[in-house]
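Since the structure is predicted, the reported quantities are computational estimates derived from the model, not experimental observations. Just so it is clear: chains get the letters A, B, ... in the order the sequence lines come, proteins before strands, and each one is counted from 1. Just so you know, these numbers use all the heavy atoms, side chains as well, and skip hydrogens, waters and symmetry mates.
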Number of protein chains: 2
Amino acid sequence: MTTMRDVAAAAGVSPMTVSNVLAGRTNVSEETRRRVLEVVERTGYRVNTAAQSLRRGRTGIVGLAVPEVHSHYFGLLAARLIARLAPEGLRVVVEQTGASREGELAAITASRVSAYDGLVLSAVGLDPDDVLAIAGDLPVVVLGERQDVRRFDHVEMANTDGAAAATRLLLERGCRRLVALGMPDLAALAPSDDDGPRPQGPGHLGDAFRLRALGVRTAVDAVPGARALAVSGVRSTLSGGAELAREALAREPGLDGLVCATDTLAIGALRALADAGRRVPDDVLVVGFDDVADAAYTVPSLSSVSPGHDWMVEETTRLLLRRMADPAAAPERSTSPFSVVERESTRRLLRTPDAT
Amino acid sequence: MTTMRDVAAAAGVSPMTVSNVLAGRTNVSEETRRRVLEVVERTGYRVNTAAQSLRRGRTGIVGLAVPEVHSHYFGLLAARLIARLAPEGLRVVVEQTGASREGELAAITASRVSAYDGLVLSAVGLDPDDVLAIAGDLPVVVLGERQDVRRFDHVEMANTDGAAAATRLLLERGCRRLVALGMPDLAALAPSDDDGPRPQGPGHLGDAFRLRALGVRTAVDAVPGARALAVSGVRSTLSGGAELAREALAREPGLDGLVCATDTLAIGALRALADAGRRVPDDVLVVGFDDVADAAYTVPSLSSVSPGHDWMVEETTRLLLRRMADPAAAPERSTSPFSVVERESTRRLLRTPDAT
DNA sequence: TTGAAAGCGGTACCAC
DNA sequence: GTGGTACCGCTTTCAA
């Protein structure tokens with residue numbers, strides 16, 4: 001192993017000067033710099049990042065804890081975040097939490113986390129208190145979920161509004177028998193006559209899907225004669241989507257519209273609908289959430305709520321860097337703008353909508 | 001910041017004893033252990049991994065350098081490798097190389113690499129010499145690509161044989177006008193009358209797709225009256241697949257079979273075929289490569305060459321751990337078993353095959 | 001069973 | 001411009 005000391009000796013300078021050269025500091029003569037770089041080149045010397053981290057107190061690594069690495073949405077998110085943080089000199093370690101409280105705890109826990117300069121947490125099962133207790137003073141940005149986490153920086157999706165907009169699209173196309181696929185039971189949510197779209201719930205982080213369900217309900221409640229059934233399931237997987245769609249068909253045979261909690265579920269559902277001989281969009285309209293890359297390439301292509309990926313990644317990065325720079329900064333939160341991207345899966349009028 | 005020293009002081013022992021307790025070493029009295037753990041608990045102390053890494057000489061981090069993080073195949077690979085290495089106490093940093101030599105060089109280069117205990121490299125543009133020069137003594141496992149890298153541990157896919165099997169499937173179904181989508185020009189490959197399936201080429205790592213093209217050619221050459229046109233493109237993306245499929249239709253209007261270099265390309269192609277009014281599998285049969293999760297959920301579902309994901313990840317892990325344990329071990333290589341998974345996209349006889 | 005000493009390989013600080 | 005000194009926080013070694 002070549003060390004900085006070795007390089008210094010070979011170049012006839014002190015380790016400190018080698019350090020200065022490699023860090024690009026300006027207080028080195030051109031001649032010395034050249035000589036040092038020549039030795040570095042020749043010996044293939046690399047700085048030891050462990051020593052560097054110890055001395056500097058920073059590792060240059062950011063953790064990204066997501067429920068499932070291998071899902072359309074989180075794959076997209078990870079790829080974008082990796083690309084975005086690279087020029088900031090930060091690398092990303094992806095931790096898989098398996099959508100469980102235990103997994104999330106394990107991901108944040110103890111030794112692991114101390115290796116990170118920051119953590120981006122897409123939590124599903126955790127309490128804010130869990131996070132607080134374990135993360136300690138680690139900069140944390142919470143992603144896309146819970147609405148009342150005021151102690152953390154927080155980048156939220158327009159879960160409720162996005163789902164409501166998607167649902168309205170189906171209703172405008174004439175759908176009246178909706179299923180909210182992969183969302184919690186709508187009836188179990190806060191009553192629709194309370195004064196806002198925020199359920200008061202037990203305060204855990206994992207209610208993106210609950211908020212989406214609320215959006216569906218809000219939109220459906222506004223249209224007399226329309227109804228929505230929730231067919232619930234936790235994991236957002238292709239097979240889960242297919243399975244839930246089969247269940248939906250069994251429980252709501254007159255089904256004419258499917259609002260899916262994620263695009264992954266929607267893609268699985270498209271497959272199950274094809275198996276069942278239901279044509280999309282001729283018999284059933286389908287809309288997803290996330291606007292993943294695949295949505296534009298399914299057959300039929302999938303309408304979806306686009307959460308503004310660029311914006312989310314940019315905002316996440318901004319908050320993370322800000323907190324890393326200033327741990328005492330007041331927590332900030334923001335909600336991504338969204339849009340409904342319409343594609344083939346909703347491009348059909350099932351019946352003329354009633355005058356409203 | 002709480003340090004081990006602080007904990008030791010609070011527990012009335014030496015730092016060394018704290019270290020022993022936390023490392024689970026047995027030479028500590030039960031009483032002492034309890035006292036130390038109590039303080040650890042109370043203070044929320046976490047060992048500093050940078051210091052640990054420096055002292056131990058290992059970081060517990062493995063790099064995974066792939067052309068594109070956000071692709072079906074590499075997403076799958078990353079997820080599996082992360083899951084597999086986690087119980088070994090290894091975390092994975094994903095580096096995106098952008099399928100370019102420069103990107104790959106950057107990924108391996110300099111400071112970055114010294115932070116890793118090992119590197120899994122899915123190289124596309126690199127020379128073995130590049131890798132050798134830069135990786136130095138870093139344990140490297142090369143994935144899925146080049147065939148003549150004898151200086152590295154190497155886990156190969158059955159590129160040629162897999163593609164040949166996929167192609168034969170189409171030929172048996174009666175296809176005679178094939179297009180090899182996303183593969184290099186078949187005519188530019190080694191002549192089919194040479195004695196083996198290995199092109200001698202300029203020796204860079206990135207020829208998984210070339211090997212697949214060779215498999216297509218071999219299979220097509222064995223069937224009189226069949227022909228295959230290569231429609232080339234580098235990136236394996238959905239949009240690329242759609243684009244190449246459009247080009248394929250333009251250049252080979254009588255197209256009746258599509259062998260795609262990857263499932264991602266195939267999924268994009270399915271979409272373009274639907275747009276062009278070509279029915280799959282009624283008019284055109286399509287087969288992909290990789291057997292990603294989505295292949296079973298497209299409409300029609302996609303036949304694909306399955307490279308044995310479990311096996312590949314297991315083998316990669318084995319080789320990596322082995323080399324980390326013994327840097328001097330002789331390089332080993334192995335080729336994944338494969339199977340052709342038939343789904344709807346090839347489930348149709350276009351014409352009765354000629355007696356063969 | 002416990003702990004003192006000696007670094008691991010860098011870099012901040014400050015004197016020269 | 002250059003470099004000595006200390007020390008980041010942990011663990012290996014070995015003596016007590």
Side-chain angles (χ1 to χ4, degrees), chain A residues 1-37 39-40 43-61 89 110-117 136-138, chain B residues 1-37 39-40 43-61 89 110-117 136-138:
Chain A
M1 203 52 236
T2 322
T3 75
M4 196 173 263
R5 229 200 246 351
D6 302 333
V7 174
V13 297
S14 78
M16 211 37 244
T17 298
V18 176
S19 177
N20 285 330
V21 168
L22 292 174
R25 290 183 202 102
T26 51
N27 53 345
V28 186
S29 76
E30 196 43 53
E31 158 62 10
T32 309
R33 149 177 267 95
R34 228 192 16 69
R35 202 144 35 90
V36 168
L37 288 178
V39 176
V40 167
T43 56
Y45 166 76
R46 308 286 138 79
V47 298
N48 178 318
T49 42
Q52 209 169 40
S53 297
L54 173 58
R55 183 64 240 213
R56 295 219 253 242
R58 309 188 309 102
T59 61
I61 296 184
S111 60
R112 315 192 73 94
V113 123
S114 82
Y116 301 147
D117 287 349
D137 53 356
L138 183 80
Chain B
M1 201 54 235
T2 322
T3 75
M4 197 174 264
R5 228 203 250 343
D6 302 333
V7 174
V13 296
S14 78
M16 212 35 246
T17 298
V18 177
S19 176
N20 285 331
V21 169
L22 292 175
R25 291 182 202 103
T26 50
N27 53 343
V28 186
S29 75
E30 196 43 53
E31 157 62 10
T32 309
R33 147 178 269 93
R34 226 191 19 68
R35 203 145 33 93
V36 168
L37 287 177
V39 176
V40 167
T43 57
Y45 166 75
R46 306 285 137 81
V47 298
N48 178 318
T49 43
Q52 210 169 37
S53 296
L54 174 57
R55 187 61 241 222
R56 295 220 255 241
R58 309 187 310 99
T59 60
I61 296 184
S111 62
R112 314 193 74 96
V113 127
S114 82
Y116 301 147
D117 288 348
D137 52 356
L138 184 80

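- Taking 4.0 angstrom as the limit, R25(A) places a side-chain polar atom (N or O) nearer than this to OP1 or OP2 of dA12(C).
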Legend entry - Derivation of the side-chain contact (heavy atoms from CB on, under 4.5 Å) call for M4(B) and L22(B): CA-CA 10 Å; M4(B) 197 174 264; L22(B) 292 175; 4.1 Å; yes
Inset, instruction - Encode nucleotides 3-9 of chain D as B, S and - characters from 5' to 3', where the letter depends on protein heavy atoms closer than 4.0 Å: B to the base, S only to sugar-phosphate, - to neither. - result: BB-BBBB
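- With rounding to the nearest 0.5 Å, the separation of CG in L54(A) from CD in Q52(A) is 11.0 Å.
- Applying the salt bridge (charged side-chain N to carboxylate O under 4.0 Å, His left out) rule to pairs touching residues 20-33 of chain B yields E31(B)-R34(B), E31(B)-R35(B), sequence neighbours excluded.
- Within the structure, a side-chain polar atom (N or O) of S29(B) is placed less than 4.0 Å from OP1 or OP2 of dT2(C).
- Residue D6(A) contributes atom CG, which lies 13 Å from atom C1' of dC8(C) at whole-angstrom precision.
- Take S14(A) and apply the side chain to side chain contact (heavy atoms under 4.5 Å, CB included) test, not counting sequence neighbours, and it matches M16(A), T17(A).
- Defining each end axis of the helix from dT1(C)-dA16(D) to dC16(C)-dG1(D) as the rotation carrying four pairs' C1' atoms onto the next four, with five pairs an end, the two axes are found to diverge by 30° to 10 degrees.
- As a whole-Å value, the separation of R35(B) CZ from dG3(C) C1' is 14 Å.
- With rounding to whole Å, R58(B) atom CZ is found 15 Å from dG9(C) atom P.
- Y116(B) OH to T49(A) OG1: the interatomic distance, rounded to the nearest 0.5 Å, is 9.0 Å.
- With sequence neighbours left out, the salt bridge (charged side-chain N to carboxylate O under 4.0 Å, His left out) criterion links R58(A) to D117(A).
- Taking CG of N48(B) as the reference point, atom OG1 of T59(A) lies at 9.5 Å (rounded to 0.5 Å).
- Applying the side chain to side chain contact (heavy atoms under 4.5 Å, CB included) criterion to A10(A), with sequence neighbours excluded, gives V39(A).
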